[in-house]
Amino acid sequence: MKIKFRKRYLIVAKRSNKVSQCACLLDSLYLLCVARLYYIRKKLHCMELNEQQLQRRQSLQAIRDLGIDPYPPQPFEVNVTADEIREHYENDKLNYKNVSIAGRLMRRRIMGKASFAELQDDTGRIQLYINRDEICPDEDKSLYNDVFKKHLDIGDIIGVTGYVFTTQVGEISIHVTSLKLLCKTLNPLPMPKEVDGKVYDAFTDPEQRYRMRYVDLIVNPQVREIFLVRSRVIGAMRDFLIQRGYLEVETPVLQPIPGGAAAKPFITHHNALDIPLYLRVANELYLKRLIVGGFRGVFEFAKDFRNEGMDRTHNPEFTQMELYVAYQDYNWMMDLTEQMLREICTKVLDTTSVMLGNNEIEFGEPFARMTLFGAIEKYTGKNLHGLNESEIRSVAKELKVEVDESMGAGKMIDEIFGAYVEKHLIQPTFIKDYPVSMSPLTKKHREDPTLTERFELIINGKEIANCYSELNDPIDQRERFEEQAKLLDRGDEEAMFIDEDFLRSLEYGMPPTAGIGIGIDRLVMMLTNQASIQEVLFFPQMRPERR
RNA sequence: GAUUCGGUAGCUCAGCCGGUAGAGCAUCUCCCUUUUAAGGAGGGGGUCCUGGGUUCGAAUCCCAGCCGGAUCACCA
């Protein structure tokens, strides 16, 4: 507006060289008013559409005026995909004499009475050759001259039929004999281009990509690939577990007591019951109730919710697979985990080693196994085993690890581990035997009552799985919960609540059980070499868009 | 949360020692019947993130804010 005025003012100033300054001023004031009115009208009538959006709406109307439905209700029969044509045409030409394919128009090269275009379906792109006199055999050339050349835009969804051929420069293409508009689009797409492997004008702004994932998926094929891997990883894991006879179950997301993990929950309210409910931070306590109920093995791919920080490895909601198997222990679960990851990696990526940044992670070799205190001693020189809370606090201070009064011994050990050890564990490593205080749901170690039978699997310096021999002594469990309750009172917002119903279930008897939780998002990050969790979530949480 | 970098056309970005807003692609008009970043000719398109300040004059300098990226710290 300001600029428009300035431009006009300059024009006026030039024109009125010989006119009095007063007249010039009046003139420009008038133009200012006109410009403002024009601006307001533009805003009201066009809802701030840009030129290209307006153009597309005009094309939409023009198409309707030609008697064509831009959003037809009939199905369009597709009998081939872009990928299939590119792969099999050369060896099976007779089978591609009558193809029908649908997708987005992604590029047009119009050369007068004939054109090339690129159609993108869910498998990739295929070139189209469109000849005016073939799609318009009669006098009426409007389908080519008006609809195709003028009123179709990049991104529009079309269906074509025709036969496959190879062009003079050797590109497998579809010679189009008929073309139908299936959906007119009103927003222009970003237009990345690739020349000799170099990508220009890529749609790379992470904010835009995450906010408009649909656009990201249309124009960035590598993004689509990540989500295909994600789906296959989950599929392979599910197959692995079902093959072994474990039951896939579903347990409550809305929980009256948020149990099973040290984490800050989201809280909500149920109107009819007039009670607070929490979004689950884990499903552990429910799956164990099912083991009490008599299932031998249960698992769930669970969305968990934690009201904590957000960064490139944390999203407020994330996916965990939790598995509980009766009559097993954590040693057995180590073997199963190793086997499962090896199988998933092989099935999904057809290899046992993956590049992750500069590190090559090897899933084919046996995973290293170390005790927690052993690992801490290895990397800090301090043996924490047998130390009491105040002794650990002083070691933590000596190591310059930040601790505060609300932290118990377990929490401080975890801090030290995080600061000194975790980053060194690049290859898959099981860290086992955690102190009792940091594992309130875990059975005491068979040889050392100050420890628990628990392991975490660390890969590339990140925890990816957490497993226990599950505590099934109801009296011991009650005492551990009471310890947690004291931490809650001390101000540890992540400490656990006492879950009376869970305790009651243990009093009915839970067989010895091994349980594990595997972070699916992190696993997928590793298998797709992604540094941020947003890249493996379709719709990562974002601040709301303004207006 | 701390530090740091950034926000300019539909997209990717340049301009930033203050002085009339630029490029490529996209879009529009015209030419072109095997092109492929198709080509040729011409045109349109901007609240330079927002709000203050300094100045005759701010996209540019200063302050505040909003949004985002990266790094660091913490939860998975």
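Chain A is the first sequence line, chain B the second, and so forth, proteins listed ahead of strands; every chain is numbered from 1. Predicted model only: the values in this text are computed from it and were never measured.
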Requested in this report: Look at A:Q208 and B:rC11 and indicate whether a side-chain polar atom (N or O) is within less than 4.0 Å of OP1 or OP2.
Outcome: yes

Query raised in the report: Is there a side-chain polar atom (N or O) of A:K193 under 4.0 Å from OP1 or OP2 of B:rA37?
Result: no

Report task. Please report, rounded to the nearest Å, how far the P atom of B:rC32 is from the NZ atom of A:K149. Result -> 8 Å

Query raised in the report: Would A:E118 and A:L128 satisfy side-chain contact (heavy atoms from CB on, under 4.5 Å), going step by step from the backbone distance to the final call?
Result: CA-CA 6 Å; A:E118 284 171 34; A:L128 307 179; over 6 Å; no

Requested in this report: Could you tell me which nucleotide pairs with B:rG6 by Watson-Crick or G-U wobble geometry, both distances under 3.5 Å, or answer none if nothing does?
Outcome: B:rC67

Report summary line: In Watson-Crick or G-U wobble terms, with both distances under 3.5 Å, the base opposite B:rC13 is B:rG22

Report task. Would you mind telling me which of A:I458, A:I431, A:T429, A:D414 makes a side chain to side chain contact (heavy atoms under 4.5 Å, CB included) with A:E422? Result -> A:I458

Requested in this report: Answer with base, sugar-phosphate or nothing: what part of the nucleic acid does A:D521 contact at a heavy-atom distance below 4.0 Å?
Outcome: nothing

What pairs of donor and acceptor atoms, side-chain ones from residues 148-157 of chain A against any protein atom, are under 3.5 angstrom apart with sequence neighbours left out?
unit_1: A:D153; atom_1: OD2; unit_2: A:K184; atom_2: NZ; d: 2.6
unit_1: A:D156; atom_1: OD1; unit_2: A:T185; atom_2: N; d: 2.9
unit_1: A:D156; atom_1: OD1; unit_2: A:T185; atom_2: OG1; d: 2.5
unit_1: A:D156; atom_1: OD2; unit_2: A:D153; atom_2: N; d: 2.7
unit_1: A:D156; atom_1: OD2; unit_2: A:K184; atom_2: NZ; d: 2.7

Query - Residue-phosphate contact under 4.0 Å: A:R109 side-chain N/O, B:rU35 OP1/OP2 - result: no

Query raised in the report: Reckon A:D133 touches a base, only the sugar-phosphate, or nothing at all at heavy-atom distances under 4.0 Å?
Result: base

Query - Those residues that, when tested against A:F203, pass ring pair (Phe, Tyr, Trp, His ring centres under 6.0 Å) (two or more places apart) - result: none

Report task. Give the rounded distance in Å between these two atoms: CD1 of A:I135 and C1' of B:rU33. Result -> 13 Å

Query raised in the report: Checking all strands, does A:I110 fall into the base, sugar-phosphate, or nothing category for heavy-atom contacts under 4.0 angstrom?
Result: base

Report task. Could you list the residues that satisfy salt bridge (Lys or Arg N to Asp or Glu O under 4.0 Å) with A:D133, not counting sequence neighbours? Result -> A:K141

Report task. Using a 4.0 Å heavy-atom cut-off across all strands, classify A:E51 as base, sugar-phosphate, or nothing. Result -> base

Requested in this report: Confirm from the modelled atom types if A:D201 and B:rC13 form a donor-acceptor pair under 3.5 Å, side chain to base only.
Outcome: no

Report task. If a pair satisfies salt bridge (charged side-chain N to carboxylate O under 4.0 Å, His left out) and one of its residues is in residues 215-224 of chain A, list it, with sequence neighbours excluded. Result -> A:R209-A:D216, A:R213-A:D216

**Report entry** Residues forming a salt bridge (Lys or Arg N to Asp or Glu O under 4.0 Å) with A:R132, sequence neighbours excluded
**Finding:** none

Report task. Using Watson-Crick or G-U wobble geometry with both distances below 3.5 Å, tell me the partner of B:rU47, or none. Result -> none

**Report entry** Integer-rounded Å distance: B:rA26 C1' and A:L152 CG
**Finding:** 16 Å

**Report entry** Members of residues 167-175 of chain A that approach RNA chain B, where some heavy atom sits under 4.0 Å away
**Finding:** A:T167, A:Q168, A:V169, A:E171

Query raised in the report: CZ of A:R312 versus P of B:rG68: gap in Å, rounded?
Result: 17 Å

Query raised in the report: So what does A:Q320 touch, heavy atoms closer than 4.0 Å: a base, only the sugar-phosphate, or nothing?
Result: nothing

Query raised in the report: Using purine N1 to pyrimidine N3 plus N6-O4 or O6-N4 for Watson-Crick, or N1-O2 and O6-N3 for G-U wobble, both under 3.5 Å, which nucleotide pairs with B:rG1?
Result: B:rC72

Query raised in the report: Can the ring centres of A:Y278 and A:F497 be said to be less than 6.0 Å apart?
Result: yes

Query raised in the report: Base, sugar-phosphate, or nothing for A:N315, non-hydrogen atoms under 4.0 angstrom?
Result: base

Query raised in the report: Looking for any heavy atom pair under 4.0 Å, which part of the strands does A:R107 touch: base, sugar-phosphate only, or nothing?
Result: sugar-phosphate

Requested in this report: Searching all strands shown, indicate the nucleotide that pairs with B:rA59 (Watson-Crick or G-U wobble; both distances under 3.5 Å).
Outcome: none

Query raised in the report: So what does A:N307 hit on the nucleic acid, given a heavy-atom distance under 4.0 Å: a base, only sugar-phosphate, or nothing?
Result: nothing

